[in-house]
Amino acid sequence: MSIFMPDYLLHSVLDVTPDFLAGLHCSAVLLDVDNTLAVYGKPEPAAGILEWIQMLRQAGISMIIVSNNTRERVAPFAGKLGLDFVCWSCKPLGFGIRRACRRLNVPRKKAVMIGDQILTDVVGGNLQRMTTVLVEPYEMETTAFFKFKRRWERKYRERFRA
């Protein structure tokens, strides 16, 4: 399988349930922030995220945020969710992903990488031989760089849906 293809494509992170994770034999979740847990750049979690985090906690699922963003962006956001975090993770390189798994004391094969971008979240997780879940972004970013990436991603999303 291509490193660009996720194992699962879901509408939202909220579609990841404890039963879904149990079926994958996974006990930990690595989460992206922007357009996965919140609208891009917004300081507050998207609707339903706090309840979703609580549901996974009650099921005994470990969670950590793994973001390429800065400490200034990630730390306050992670604090609102009560989660540990790795910022400047350098996804798709494995440094931050491996660090997150060590912090959770979980082997990568028992963790799921969830995010909205193929080139960072999916490729990063796949290179670490993790289960990957690609979710739809809450909204499309407006910069030329993101527009280019989203246009490129579209063919993989469409291929996966087929």
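Every value quoted in this text rests on a predicted model; they were computed, and no experiment measured them.
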Is there side-chain contact between [X] and [Y], with heavy atoms separated by less than 4.5 Å?
X	Y	result
Y8	V112	no
V86	S67	no
L31	V13	yes
L56	L21	yes

**OP:** Check the pair K91, I97 against side chain to side chain contact (heavy atoms under 4.5 Å, CB included), reporting the backbone distance first and the verdict last.
**Re:** CA-CA 8 Å; K91 294 179 294 185; I97 292 170; 4.3 Å; yes
**OP:** Determine which pairs satisfy side-chain hydrogen bond (donor to acceptor under 3.5 Å, both in side chains) with at least one residue from residues 22-31, sequence neighbours left out, and list them in order.
**Re:** none
Rounded distance [0.5 Å steps], [atom1] in [X] versus [atom2] in [Y]:
X	Y	atom1	atom2	value
L37	I53	CG	CD1	6.0 Å
T131	K109	OG1	NZ	8.5 Å
M130	L30	CE	CG	4.5 Å
T36	Q117	OG1	CD	8.0 Å
L93	T120	CG	OG1	11.0 Å
D32	I65	CG	CD1	9.0 Å

Original post:
Is D34 salt-bridged to K42, going by a charged N under 4.0 Å from an acidic O?
Top reply: no
To check you understand the geometry: which heavy-atom pair defines the closest contact between [X] and [Y], and what is its length?
X	Y	value
I61	C26	CD1-O, 4.2 Å
L81	R57	O-NH2, 2.8 Å
F4	L119	CE2-CD2, 3.8 Å
P45	A38	CA-CB, 4.3 Å
A100	V66	CB-CG2, 3.5 Å

So if you build clusters from Ile, Leu, Val, Met, Phe, Trp, Tyr with side-chain heavy-atom gaps below 4.5 Å, do [X] and [Y] land together?
X	Y	answer
V135	M63	yes
I64	M55	no
L9	M113	no
V106	V133	no

Subject >> Derivation of the side chain to side chain contact (heavy atoms under 4.5 Å, CB included) call for V29 and I114 >> reply: CA-CA 7 Å; V29 175; I114 303 175; 3.4 Å; yes
Indicate yes or no for a side-chain donor-acceptor contact from [X] to the backbone of [Y] under 3.5 Å, with no hydrogens or angles considered.
X	Y	result
K110	A28	no
S62	L104	no
S12	D15	no
N68	W88	no

**OP:** Check whether the side chains of N126 and T132 place a donor and an acceptor atom closer than 3.5 Å, and report yes or no.
**Re:** yes
Subject >> R98: partners by side chain to side chain contact (heavy atoms under 4.5 Å, CB included), with sequence neighbours left out >> reply: F95, R102, R108, Q128
**OP:** Can you establish whether the number of heavy atoms outside R71 located under 6.0 Å from its atom CZ is more than 12?
**Re:**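 12 or below, so no.
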**OP:** Please lay out, stage by stage, how D116 and D121 fare under the test side chain to side chain contact (heavy atoms under 4.5 Å, CB included).
**Re:** CA-CA 7 Å; D116 68 297; D121 306 311; 3.9 Å; yes
Original post:
Would you say the ring centroid of F77 lies under 6.0 angstrom from that of F85?
Top reply: no
